[in-house]
Amino acid sequence: MADPKETVEVAGREVSVTNPGKVYFPERGYTKLDLVRYYLAVADGALRGVRGRPMALKRFPDGAAGDFFFQKRAPRSRPDWVETVTLAFPSGRLADEIVVRDAAQLVWVVNLGCIDLNPHPTRAEDLDHPDELRVDLDPVPGVPWDHIRRVALVVRDALEAYGLVGWPKTSGSRGIHVNVRIEPRWTFPEVRRAALALARDVEQRVPELATSRWWKEERHGVFIDYNQNAKDRTVASAYSVRPTPDARVSAP
DNA sequence: GCCCTGC
DNA sequence: GCAGGGCAACGCTGC
DNA sequence: GCAGCG
Ligand SMILES: [Mn+2]
Ligand SMILES: [Mn+2]
C-alpha cells in the first residue's frame with residue numbers, strides 16, 4: 001500500500017514520518033502528516049516554547065480520539081541527534097527525558113504520536129531552577145470567555161506591580177496560560193509560593209471572577225492553578241495542538 | 001509507535 | 001511471523 | 001496517612 005512511510009527534510013536532516021496518511025483527527029479529517037506539516041509551518045514559534053527544556057511525552061499513537069500514554073523516559077532506540085537530559089526524582093529514580101532544540105527533533109517527537117508538547121519550566125542546563133512561572137487559568141464549567149479574558153488582564157496588572165511581564169496564550173482547552181520569564185534563581189517550592197501569592201493577589205482584586213481555592217466545590221469563576229508550578233509538572237506549550245476533536249491550538 | 005518477549 | 005505488554009508516579013492540599 | 005487535585 002502507498003502509505004507506510006514518508007520522509008521530510010528538515011533542519012538539514014531526513015526525518016521519517018510513519019503512517020503519514022493515518023487520520024489523527026477524524027472529525028476534521030486531519031492526518032498525521034498534516035500535523036507534522038502544521039508544526040513545520042509554526043516551527044519558529046513552537047520551538048520558542050520548548051527549546052532546551054526537557055519534556056514529558058504524551059503519546060497518542062492512534063490519534064486524538066485514541067488511547068494515550070505518558071512517557072517520561074526517551075525511547076531507548078533513537079537517532080543520536082535526539083538530545084536527552086537526566087532528571088532525578090525524589091525517590092532517587094532517574095529518567096532521561098527528551099530535549100528539543102530544532103525542527104528535526106520536533107518532527108521526530110511528533111512522529112511518536114505526540115500531539116501537544118509538554119515542556120518543563122526549566123532548561124536542561126539548570127534543572128532545579130525554573131526560568132518560567134506559569135499562570136494557569138482554569139475556568140470552572142460554564143464560565144464565559146470574557147471572564148477568563150478579564151482575569152488574564154488582572155494577572156497582567158498584578159505582575160506589573162512586581163516588574164514582571166506575562167505572555168498570554170489560549171490553553172487550547174478552555175482556559176488561558178500566562179507565561180512569565182523569571183531569573184533561574186529560585187527553587188520549585190519558591191516559584192510555587194510566588195505563584196500562590198500572585199493567585200491570592202488576583203483573587204483579592206476580582207473576587208467575583210477569580211478563585212485560588214483548592215477544593216473544586218469551593219471554586220467559582222476562574223481557578224488560578226498555582227500548583228502547576230510544582231516540580232515535575234508540565235504545561236502544554238505555545239502552538240501546541242491539543243487532542244480535541246477540532247484540533248484546537250494553544251494560541252499566543 | 002515501537003520495541004521486546006515469547007510462542 | 002505475530003500477538004501482547006509496556007510505555008509516569010509528582011507534589012501539594014485539607015481532612 | 002489519606003484521598004482529591006491537576
Ligand atoms: Mn489549564
Ligand atoms: Mn491546571
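Every heavy atom of this structure was used, including side-chain atoms; hydrogens, water molecules and symmetry mates were not. All values reported here derive from a predicted model rather than from experimental measurement. Chain A is the first sequence line, chain B the second, and so forth, proteins listed ahead of strands; every chain is numbered from 1.
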> With no hydrogens and no angle check, is any side-chain donor or acceptor of N229(A) less than 3.5 Å from a backbone partner on R134(A)?
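Flag set: sc N229(A) to bb R134(A) pair under 3.5 Å.
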> Please measure how far the P atom in dA8(C) lies from the corresponding atom in dC3(B), and state the result in whole Å.
16 Å
> Taking only N and O in the side chain of T18(A), is any of them less than 4.0 Å away from OP1 or OP2 of dC2(B)?
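For dC2(B), OP1 or OP2 has a side-chain N or O of T18(A) closer than 4.0 Å.
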> Give a yes/no answer on whether the side chain of K32(A) brings an N or O atom under 4.0 Å of OP1 or OP2 in dG1(B).
yes
> Do L106(A) and L117(A) touch side chain to side chain, with heavy atoms closer than 4.5 Å?
yes
> Atom NZ of K72(A) to atom P of dG6(C): distance rounded to whole Å?
19 Å
> May I ask you to evaluate whether R76(A) reaches the phosphate of dC3(B), defined as a side-chain N or O under 4.0 Å from OP1 or OP2?
no
> Looking only at side-chain N and O atoms, does K216(A) come under 4.0 Å of OP1 or OP2 in dT13(C)?
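No, because none of the side-chain N or O atoms of K216(A) sits under 4.0 Å from OP1 or OP2 of dT13(C).
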> Within this structure, what is the CZ-to-P distance between R213(A) and dC5(D), rounded to whole angstrom?
15 Å
> Under 5.5 Å centre to centre and under 30° between planes: does that hold for W214(A) and the six-membered base ring of dT13(C)?
no
> Quick one: which of dC7(C), dC2(B), dC10(C) gets closest to the side chain of F89(A)?
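Of dC7(C), dC2(B), dC10(C), dC10(C) is nearest to the side chain of F89(A).
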> Separation of R192(A) atom CZ from dC12(C) atom P, in whole Å?
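Taking CZ of R192(A) and P of dC12(C), I get 6 Å after rounding.
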> For the side chain of P61(A), counting heavy atoms from C-beta on, which of dC10(C), dG1(B), dC12(C) is nearest?
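Nucleotide nearest to P61(A)'s side chain: dG1(B).
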> Ignoring backbone atoms, test whether N19(A) places a side-chain nitrogen or oxygen under 4.0 Å from the OP1 or OP2 oxygen of dG1(B).
yes
> Taking K22(A) as the fixed residue, which of L33(A), V17(A), D62(A), L35(A) is the one that meets the side-chain contact (heavy atoms from CB on, under 4.5 Å) rule?
D62(A)
> For a quick test of reading the model: is some side-chain N or O of N229(A) closer than 4.0 Å to OP1 or OP2 of dC12(C)?
no
> Measuring from the side chain of Q228(A) (C-beta onward, heavy atoms only), which nucleotide among dG6(D), dG11(C), dG1(B) has the closest atom?
dG6(D)
> Less than 4.5 Å apart, side chain to side chain, heavy atoms only: is that true for R242(A) and S171(A)?
yes
> With heavy atoms under 4.0 Å as the rule, sort D62(A) into base, sugar-phosphate or nothing.
nothing
> Between dG11(C) atom P and H120(A) atom NE2, what is the distance in whole Å?
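Value for this atom pair: 11 Å.
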> Can you tell which of dC12(C), dA9(C), dC7(C) lies closest to the side chain of F69(A)?
dC7(C)
> When the distance from CZ of R78(A) to C1' of dC2(B) is rounded to whole Å, what number comes out?
14 Å
> With respect to the side chain of N227(A), which nucleotide from dC2(B), dA8(C), dC12(C) is positioned closest?
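Shortest atom-to-atom distance from the side chain points to dC12(C).
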> Figure out the CD/P separation between E217(A) and dC15(C), and round it to whole Å.
11 Å
> Taking NZ, NE, NH1 and NH2 as the nitrogens, is one of them in R53(A) or D131(A) under 4.0 Å from a carboxylate oxygen of the other?
yes
> Name the closest nucleotide to the R73(A) side chain, picking from dG4(D), dC12(C), dA8(C).
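The closest nucleotide is dA8(C).
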> Ring-plane angle category for W214(A) and F223(A), please: parallel below 30°, perpendicular beyond 60°, tilted otherwise.
perpendicular
> Return the value, rounded to whole Å, for the distance between atom CG of L112(A) and atom P of dC3(B).
10 Å
> Looking at the side chain of Y226(A), which of dT13(C), dG1(B), dA9(C) is the nearest nucleotide?
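My answer, after comparing the listed nucleotides, is dT13(C).
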> Where the side chain of R59(A) is defined as all heavy atoms beyond and including C-beta, which of dA8(C), dG14(C), dG1(B) is the nearest nucleotide?
dG1(B)
> K231(A) side chain: which of dG11(C), dA8(C), dC3(B) is closest?
dG11(C)
> Is the backbone of G172(A) close enough, under 3.5 Å, to the side chain of S250(A) for a donor and an acceptor to pair up by distance?
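No: the side chain of S250(A) does not pair with the backbone of G172(A).
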> Measure from the side chain of R219(A), starting at C-beta and using heavy atoms only, and say which of dC5(D), dC2(B), dG1(B) lies closest.
dC5(D)
> Could you check how far CG of D232(A) sits from P of dA8(C), rounded to whole Å?
12 Å
